[in-house]
Amino acid sequence: MTGSPTVTISSGTATFSEAQTGNIGIGDKITYDTSTVAYITGKTSNPIFTVQQEDGSSAPNISS
């Protein structure tokens, strides 16, 4: 993780408040709301990623 970003997840898209640099991509885990987990399935741009839950369902919409 780069910095101390917040994340918003809406309709399977995670948007970080800060660009995330480095080796971040498909399969990486995002933990939010203390214990909820979503996995990156693609990168739209920096800082926007597509995400889903481990079982393949949509990640819940949040603003954290």
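From a predicted model like this one, the values you see are computed outputs, not experimental measurements. Excluded from the calculations below are hydrogen atoms, water molecules and symmetry mates; all remaining heavy atoms, backbone and side chain alike, are included.
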Check your understanding: Please walk me through it: do I48 and K43 pass side-chain contact (heavy atoms from CB on, under 4.5 Å)?
Key -> CA-CA 6 Å; I48 302 171; K43 182 177 180 179; over 6 Å; no
Check your understanding: Mind checking who shares a hydrophobic cluster with I30, ILVMFWY linked at side-chain heavy-atom distances under 4.5 Å?
Key -> V7, I9, F16, I24, Y32, I40, F49, V51, I62
Exercise for review: State the CD-OG distance between Q52 and S57, to the nearest 0.5 angstrom.
Suggested key: 7.5 Å
Exercise for review: Would you check, one step at a time, whether the test side-chain contact (heavy atoms from CB on, under 4.5 Å) holds for E54 with Y39?
Suggested key: CA-CA 7 Å; E54 186 173 21; Y39 292 89; 3.7 Å; yes
Practice item. Determine, step by step, whether T15 and T13 satisfy the side-chain contact (heavy atoms from CB on, under 4.5 Å) criterion, reporting the C-alpha distance in whole Å, the side-chain angles of both residues, the deciding distance to 0.1 Å, and the verdict. Key: CA-CA 6 Å; T15 304; T13 300; 4.1 Å; yes
Exercise for review: Step through the shown structure and confirm whether more than 12 heavy atoms of other residues, nucleotides or ligands are within 6.0 Å of CG on N23.
Suggested key: no
Exercise for review: Measure from the side-chain N and O atoms of T31 to the backbone N and O of V37, and report whether any donor-acceptor pair falls under 3.5 Å.
Suggested key: no
Exercise for review: Please report the shortest heavy-atom distance between S63 and T8, naming the atom on each side.
Suggested key: OG-OG1, 3.6 Å
Review point. For the residue pair A59 and A38, what are the closest heavy atoms and their distance?
Key: CB-CB, 4.0 Å
Revision key, fill the gap. Note: Q20 and P5 closest approach over all heavy atoms is NE2-CG, 3.5 Å
Review point. Where do S58 and Q53 come nearest, in terms of heavy atoms and distance?
Key: O-OE1, 3.4 Å
Practice item. Give a yes or no answer on whether the side chain of T50 reaches the backbone of G42 with a donor-acceptor pair at less than 3.5 Å. Key: yes
